[in-house]
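Lettering follows sequence order; numbering is per chain, from 1.
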Amino acid sequence: MGKPRVIYWFRTDLRLHDSPALKAALDLKPECLYPIWTWDPHYVYRARVGPNRWQFLLDCQNDLSASITKLNKKSKLHVIREAPQTLFPKLWKAWKISHLVFEKDTDSYARSRDEEVIALAKKAGVEVIVKTGRTLFDPDELVKQNRGKPTMSMNQVQHAGETLGEPARPIDAPQSLPDPGDTKLDFDQEQPASDPDVNAVQRDQDEKSYASGLAGPKGDFSVPTLEEIGIKNATSPHRGGETRALKGLDEIIKDEDYTATFAKPNTAPTDFEPQSTTLLSPHLHFGSLSCRLFYWRAQDVISKYGSKATQPPTSLTGQLLFRDMYFGAQAALGHTFAQTVGNPNCRFVPWHLPSRVQDSSDRDSAPVTTTNAASGTQERDYQIDSPEAEEYFRRWKHGITGFPWIDALMRQLRHDGWIHHLGRHAVACFLTRGGCYVSWERGASVFEEWLIDHEVACNIGNWQWLSCTAFYAQFYRCYSPVAFPRKWDKEGRFVRKWVPEMADVPEKYVYEPWKAPIQDLKKAGVMLKKGAELGEEEGGSKVYPKPMFDFNDRRQICIDGLKQAYDVGLYGNDPKVLDGSWRKLFPDDAEGPTKGKKGGIGGMIEDDEEATGEEEFDDVQRKGEGEEGSAKKKSENQGGASPKPGRKRKENHGSMEQFVKRSKK
DNA sequence: CATCACGTTGTCTCA
DNA sequence: TTGAGACAACGTGAT
């Protein structure tokens, strides 16, 4: 047997420091090591990724490639433009590969992809080595120690963590890397299907990263550019790469007081330049920073600091434990974690704009939706049960609610791809249980698109938390879009930066301009108009919307709604949720799509007649992001009122019963 | 079975 | 100006 010829497959571990999987690859003492990235059409076309996160990814890849080259002039990150499932068997043969090494992933698409690759490797006689490295603890181990249950509280995480021992100490970056072998590609590229393209809205040109062949336009395995992917220009100042991550970590750790006395609830969501938290989360997502390196560098400072150091859950290390909690919940629940329907852990609330789901036989067997289960969250169709709620949602997304605090945060989110954790609380509460009564799945979908640190497990977990559908239940604690920011930023500096309409409004009214005397507004060069859109001007004045509703009224409606839903007490996997009979448990006039006695899964079917249905659904449906952008290369079977032939709801009576039985197990 | 304390991050009024 | 308590009231886990 010859010496190992190894592919190291980079994924969400775009770093050289503290990579257990990379160490395992090097421990093989390989004859050659190919560092590769498979340019997966799933990511290009099916996962919702906005320009800022694309930029961050490319930053990480370029930085990593340069770091690899520094260790070995012959080596680099080899980006190969094809899906791993089809590429690998050809590649293993061409490069005479003996071992494939990668870091374990936990997201639902990644898990099924990896299973497939592992099976292919077995068939090809390639040995696969998988190491955990994305979290402090292996999420599957964490769940096992939690008696197989999803980790739903910090207590559980810490308890389960104790039995697993301390997180591993970080591993040093390698000092050298073996040469890659011959990189000839003597096989054809499989062109991916670009339809449906959920990222069409993110592009201003055609996607052409596959058009130049497996090794890119120069044949040198280059990292694609935003232009090649056809993605619009990024706007975020926050950039990626391990070099930046390590520098950022150094800055944090250097400040021992900050590191040791960090208390999340005391960090101001209104601070900017600099922000009050570390901004290292996107690096954790892409793996350009190891969470264990972060943990131990912080912990070593904390240990030395003495009794004034903060403790989990509010401390810096506590933040990392929260991340593990969400990964544990995801690991235990699988793909249902990312949605309400079918999720035994998520409370059922009759939110407006509920996700459409396929019938139960689809739901239970294959991915929840064919186009997007992959990304782990939803960008699937949703039911517009209320045009008013749809308008609330649109205004929330684009920062034109008329509540300056909410609008500032949403504009910052869109532009920078990052907002402070408590800012996320504010907008999430506002969209769901503290204002709009819109499904948390709509909000999660927007965060998925825009956040540079979007992590499926954390995003979903936090949306469930804030909407009081899991993890948290004190729905009567509700963030006010006026009182909450005022506590942190009385002068309104943050709002003035992001909502220039408020730039000169007196401090007293900066969070509630509708209360300002007309002459004050005039002096501030702004006028309020019902239903104003972004950037409107009139007679030399900036125009800002009047608040889209009375917050106190809406808060009460929401609290009453939540109380009702808690009383009814259904969870996402309840047969009554799936077959629509949940409606019988709510009065017709309760908030949400509660009218009638029957209805489909998660609100899919709107009235009693349709509930028996064998007809196609042709009622209004729309994608979450459909309303914006010039590059609307709308994929046909995603939206619009023109369902493809054959998009019929499957006959569902028998299969429904079947599901109900299964769900009772 | 009850009771109670607690849970990373609420708001409002009143002294 | 700051701090305490009311508000109306969730689930979990310890006792």
Side-chain angles (χ1 to χ4, degrees), chain A residues 146-147 149-162 260-271 275-278 281 298 302 309-326 329 344-349 403 405-406 409 419-435 440 458 461-490 507-508 511-512 515 550-571:
Chain A
N146 197 42
R147 290 167 302 163
K149 292 252 157 58
T151 40
M152 299 303 288
S153 73
M154 215 39 187
N155 247 344
Q156 292 172 355
V157 172
Q158 284 176 291
H159 195 256
E162 267 165 35
T261 64
F262 182 93
K264 187 59 146 294
N266 299 342
T267 59
T270 47
D271 280 5
Q275 75 292 335
S276 61
T277 48
T278 67
S281 51
I302 291 164
T310 45
Q311 293 295 315
T314 53
S315 67
L316 215 42
T317 51
Q319 308 314 299
L320 293 166
L321 289 168
F322 264 104
R323 184 168 171 270
D324 267 48
M325 176 181 82
Y326 290 132
N345 240 268
C346 181
R347 284 181 179 281
F348 174 78
V349 175
F403 295 94
W405 166 238
I406 300 298
L409 288 163
I419 53 179
H420 185 279
H421 187 67
L422 291 178
R424 302 182 195 197
H425 278 213
V427 296
C429 180
F430 185 87
L431 182 70
T432 58
R433 68 180 168 86
W440 61 266
C458 301
N462 277 316
W463 274 95
Q464 292 179 1
W465 184 301
L466 265 300
S467 62
C468 289
T469 49
F471 300 99
Y472 187 78
Q474 288 160 264
F475 53 77
Y476 43 90
R477 291 193 179 167
C478 183
Y479 291 92
S480 153
V482 176
F484 185 70
R486 198 172 265 160
K487 190 169 73 183
W488 299 103
D489 180 10
K490 196 158 174 294
E507 183 176 311
K508 192 177 171 191
Y511 294 115
E512 39 187 355
K515 288 190 179 167
D550 181 296
F551 175 73
N552 289 327
D553 289 354
R554 289 297 309 179
R555 170 167 57 190
Q556 200 52 54
I557 289 168
C558 289
I559 288 177
D560 293 347
L562 264 288
K563 176 150 176 47
Q564 181 120 54
Y566 268 65
D567 285 347
V568 169
L570 298 175
Y571 284 81

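One can place CH2 of A:Trp465 at 16 Å from P of C:dG11, the figure rounded to the nearest angstrom. Between the C1' atom of C:dG13 and the CE atom of A:Met154 lies a distance of 17 Å, rounded to the nearest Å. Atom OH in A:Tyr472 sits roughly 12 Å away from atom C1' in C:dA9 (whole-Å rounding).
Atom name P, nucleotides C:dA8 and B:dG7: the rounded distance is 24 Å, in whole Å. Taking atom C1' on both nucleotides, C:dT15 is separated from B:dC1 by 12 Å, rounded to a whole Å. For C:dT1 and B:dT9, the C1' atoms lie 23 Å apart once the distance is rounded to whole Å. For B:dT8 and C:dC7, the C1' atoms lie 22 Å apart once the distance is rounded to whole Å.
Sequence neighbours left out, the pairs with a member in residues 469-486 of chain A that pass salt bridge (Lys or Arg N to Asp or Glu O under 4.0 Å) are A:Arg486-A:Glu512.
With sequence neighbours excluded, no residue satisfies salt bridge (Lys or Arg N to Asp or Glu O under 4.0 Å) with A:Lys487. A:Arg554 pairs by the salt bridge (Lys or Arg N to Asp or Glu O under 4.0 Å) definition with A:Glu591, not counting sequence neighbours. Listed by chain and number, the residues in a side chain to side chain donor-acceptor pair (under 3.5 Å) with A:Thr310 amount to none (sequence neighbours excluded). Applying the side chain to side chain donor-acceptor pair (under 3.5 Å) test to A:Gln556 and every residue at least two apart in sequence or in another chain returns A:Asp560. With sequence neighbours excluded, no residue forms a side chain to side chain donor-acceptor pair (under 3.5 Å) with A:Thr314. In this structure, the side chain to side chain donor-acceptor pair (under 3.5 Å) partners of A:Tyr479, at least two apart in sequence or on a different chain, are A:His425. The side chain to side chain contact (heavy atoms under 4.5 Å, CB included) search around A:Gln464 returns A:Phe337, A:Asn343, A:Cys346, A:Trp440, A:Ile460, A:Thr469, A:Ala470, A:Phe471, not counting sequence neighbours.
In this structure, A:Phe475 has its ring center closer than 6.0 angstrom to the ring center of A:Tyr566.
Positionally, the nearest nucleotide of DNA chain C for A:Gln474 lies more toward the 5' end than for the other of A:Asn155 and A:Gln474.
For the residue pair A:Thr277 / A:His421, no side-chain donor-acceptor distance below 3.5 Å is found, with atom types taken as modelled.
For the pair A:Gly434 and A:Phe551, the tightest heavy-atom approach, listed with the atom from each and the gap, is O-CE1, 3.2 Å.
Contacts of A:Arg424 with the nucleic acid, taken as non-hydrogen atoms under 4.0 Å apart, are absent. Contacts of A:Phe484 with the nucleic acid, taken as non-hydrogen atoms under 4.0 Å apart, involve only primed sugar atoms and P, OP1 or OP2.
Between A:Gln156 and the phosphate of C:dT12, there is no side-chain N or O to OP1/OP2 separation shorter than 4.0 Å.
When DNA chain B is scanned in the 5' to 3' direction for atoms under 4.0 Å from non-hydrogen atoms of chain A, the outermost contacting nucleotides are B:dG7 to B:dC12.
In this pair, A:Trp488 and A:Phe484 present their aromatic rings perpendicular. The plane angle is above 60°, beyond the 30 to 60° band. Ring-plane geometry between A:Phe403 and A:Phe430 is classed as perpendicular, the angle between the planes exceeding 60 degrees on a 0 to 90 degree scale with a lower cut at 30.
Annotation: side chain of A:Leu570 is not in contact with side chain of A:Arg347 (no heavy-atom distance under 4.5 Å).
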What does nucleotides 2-7 of chain C look like as a protein-contact string, B for base, S for sugar-phosphate only, - for none, at under 4.0 angstrom between heavy atoms? ------
Output the pairing pattern of DNA chain B as a dot-bracket string, 5' first, Watson-Crick or G-U wobble with both distances under 3.5 Å, | for cross-strand pairs, [ ] for crossing pairs. .||||||..||||||
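Residues of residues 555-568 of chain A having a heavy atom closer than 4.0 Å to DNA chain C, listed by number: A:Lys563, A:Tyr566.
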